[in-house]
Protein chains: 2
Amino acid sequence: MAVRIEDVAREAGVSTATVSRVINNQGVREKTRERVISAMEKLKWEPNLAARSLMTGKGRSVGVVIPSLTNPYFSEIVESIETCLTAEGYLGILVSSGSDRSDEREREVTETLIKRQVDGIILVDGTYENNHNGFLVSVARMLPLVVINGVPGLEGVDLVMTDQARGMVKVLDYLYELGHRRIAFFRADREASADVKMDAYARWHIEKGLTVDPAMIVRFTEVNRSRILGEMEEAVYRWIGALAEKPTALFACNELMALGAVRGIEKAGLTVPGDISLVGHDNTPYASLLKPALTTVEMKMGELGRTAARRMIDRLEGRGTEPQRISFSPELIIRQSTAPVADLYRK
Amino acid sequence: MAVRIEDVAREAGVSTATVSRVINNQGVREKTRERVISAMEKLKWEPNLAARSLMTGKGRSVGVVIPSLTNPYFSEIVESIETCLTAEGYLGILVSSGSDRSDEREREVTETLIKRQVDGIILVDGTYENNHNGFLVSVARMLPLVVINGVPGLEGVDLVMTDQARGMVKVLDYLYELGHRRIAFFRADREASADVKMDAYARWHIEKGLTVDPAMIVRFTEVNRSRILGEMEEAVYRWIGALAEKPTALFACNELMALGAVRGIEKAGLTVPGDISLVGHDNTPYASLLKPALTTVEMKMGELGRTAARRMIDRLEGRGTEPQRISFSPELIIRQSTAPVADLYRK
DNA sequence: ATGAAAGCGCTAACAG
DNA sequence: CTGTTAGCGCTTTCAT
């Protein structure tokens, strides 16, 4: 409230315009610039950001919309975005759109951010609906939008993603080599990324000339919190029990599901990887902590976040305005939960 | 950029001052208010927040400073703070002060937030140093400050905390009942909360007439990331090997440490809880996923976050300006990692 | 209860 | 390269 640009200008013996130019790195003679800088330091002046953004319409802040913070998969992304933004003098404003993945809530928080006049928005793992109903495109018309893990080809929308179909194929190829032919697929409902994986799963089976058995595809709802774990254990246990022909391998779309699978499998008196090989997805901290340590797909979340943040800054600073699509290839991380198919199935 | 308060005023046939009064809930005749409101709706006008905060110095946003997002212990707090703030129309601006717990970085990000003119700051788990060097007090002189888990008695600082000393005593009493007399204590360096627990640990031993064996107190550095797990396993393994008299129980200040302890203990050929009972702290999702499921202390992080956010809003809106100290009592959650002391030690 | 007018602290033409 | 001069969109006395 105390010291303003005018005071600095007077102290340095220049006009306010010159001070403004100095702090915005515009052309000012070196000598003058120095005088201004020392005046700033002497008076400990910092430009008032509200006034600045009132003029420019920009506030060096970017909104980050994410389904949930308590999911380690997301928190790693957020942390890397935040680090990257901060390093460049931007402020990341984080809002969670709710792990229930409500389309409407996602739209709401995004709009709040726009009203708050963030300079751009990074949206992580949007809902299927909002990826397809034109919402993201309309947001992108108002300000720079970078989407992490969304659908490609949206007009004006920058996309940074991991090629999950590719990861799925890596998993299946690997299991195939180990001799597995009957591979179960555990997924969440209403998740765009699960759709992508399932499509790849189906295509791979067709290309290999294997049939896709609907009984091998299981949908779970709300597997975001460990509280659900007990229910899942039970569900998996019953699912296995009811199966005429059991799978020799199982892929779970996320690690909490993978854990639920382990529990259910063990409850059914089977072992991992002795009876059933298990592959997870995301390589969260859980994966290496599990027993047996989980074979999984590393999504490079940190890299995704960093790349998205950099794209955003580039666009905000007028570099590379053409929306891009940057795709990372996931990596298969082999640990102890997968093994060659057991002999007794071959006999 | 398009529609301004002036347009609304014209549309409603009033002055801009009246429109301003309406959106700030000041005295306006009911009829006039209605006219203004419908004009707002017709023109879809939303006040420009930058202009507003330029005048008022307030922007309905509160800064949240937290050491790390990838730690589930913190992400639960953040999520509850954020939910609570959003519900009241505030925007939570999150910055992480770095899991390396650098005093300086914590101060830096806090100051950035102040420059950004947040209305208040919620600071979670500040460093020991900043709790004691007057920094927090100086922040509290500038704007409302609510600290989660800090030291009591700081002038002008609101404190919301869990009584960790109490939790520690609950743990020790419980282990005592099971017959344990030699209880190891694993802690992180440079953590205010670990100091609190250790003090309680020491006091409890004295009150019980037990000696505090320095060999039972082990300090680890940087146990925030699972990458460190291998190193910890090794360290614990060596520590046990070098011990003349082994502990029958072990308390770890956080759950990653507890996991490291399990690994080290098992590497040493001992079992949990057969040879050594293990108690963790925080009740993160890891705790119930571990094998054996971990006995631990629930810190009620969600409640802490919610309470802190509410305190902040109360202060921001001029209710209850006297700084308070609100303390929650932690809860001991008994699972499978603790058991009565083995008979062979009694013989 | 309402209006007129004076800024909040800064940026951006436009001159010089 | 630097200064002058208008505002950015809102709030807030001070009148009426």
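Because the structure is a prediction, the values reported are computed rather than measured. Here is the naming used below: chain letters follow the sequence lines, and residue numbers restart at 1 for every chain.
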Residue mapping more 5' on DNA chain C - nearest nucleotide basis, B/Ala51 or B/Arg29: B/Arg29

Whole angstroms only, please: what is the CG-P distance between A/Leu54 and C/dG7? 17 Å

Just by modelled atom types, is the B/Glu106 backbone N or O under 3.5 Å from a matching donor or acceptor in the B/Thr110 side chain? yes

Rounded to whole Å, how long is the line connecting atom CD1 of A/Ile5 with atom C1' of C/dC8? 14 Å

Hey, are B/Lys115 and B/Glu111 close enough for a salt bridge, meaning a charged N less than 4.0 Å from a carboxylate O? no

Shortest non-hydrogen contact from A/Ile77 toward A/Met301: CG1-CB, 3.6 Å

Terminal axes of the helix from C/dA1-D/dT16 to C/dG16-D/dC1 (five pairs each): angle between them, nearest 10 degrees: 30°

Spacing of B/Arg10 atom CZ relative to D/dG9 atom P, expressed in whole Å: 13 Å

Hey, does B/Thr18 reach any base, or is it just sugar-phosphate, or nothing, if we go heavy atoms under 4.0 Å? sugar-phosphate

Would you call B/Asp119 and B/Arg60 a salt bridge, taking side-chain N to carboxylate O under 4.0 Å as the test? no

Ignoring hydrogens, what is the shortest heavy-atom contact between A/Arg105 and A/Ser97? Give both atom names and the distance. CG-O, 3.1 Å

A/Leu85 and A/Ala309: which non-hydrogen atoms are nearest, and at how many Å? CD1-CB, 3.8 Å

What is the separation between atom CD on A/Gln26 and atom P on C/dT11, rounded to the nearest whole Å? 9 Å

Does a nitrogen or oxygen in the side chain of A/Arg21 sit under 4.0 Å from OP1 or OP2 of D/dC1? no

Nearest listed nucleotide, side chain of A/Ser15, among C/dA12, D/dT12, D/dG3: D/dG3

Could you tell me whether a side-chain N or O of B/Asn48 sits under 3.5 Å from a main-chain N or O of B/Ala50, the two making a donor and an acceptor? yes

Report the nucleotide, chosen from D/dT4, C/dC10, D/dG9, that has the shortest atom-to-atom distance to any side-chain atom of A/Arg4. C/dC10

For the side chain to side chain donor-acceptor pair (under 3.5 Å) test, which of A/Thr127, A/Asn131, A/Asn133 pairs with A/Asp103? A/Thr127

Where along residues 36-49 of chain A does a heavy atom come under 4.0 Å from DNA chain D, residue by residue in number order? none

Regarding B/Thr32, tell me which of base, sugar-phosphate or nothing describes its non-hydrogen contacts under 4.0 Å with the strands shown. sugar-phosphate

Under the ring-ring contact (aromatic ring centres under 6.0 Å, His included) test, residues paired with A/Phe328 that sit two or more places apart: none

What is the nucleic acid contact for B/Val14, judged by heavy atoms within less than 4.0 Å: base, sugar-phosphate only, or nothing? sugar-phosphate

With respect to the side chain of A/Val28, which nucleotide from D/dT2, C/dT11, D/dT11 is positioned closest? D/dT2

Between B/Trp45 and B/Pro47 the two heavy atoms that sit nearest each other are CZ2-CA, 3.5 Å

Expressed as a whole number of angstroms, how long is the span from A/Asn24:CG to D/dC1:P? 16 Å

Whole angstroms only, please: what is the CE-P distance between A/Met55 and D/dG9? 9 Å

Using whole Å, report how far NZ of A/Lys115 lies from C1' of D/dC10. 18 Å

Whole angstroms only, please: what is the CZ-C1' distance between A/Arg33 and D/dT2? 13 Å

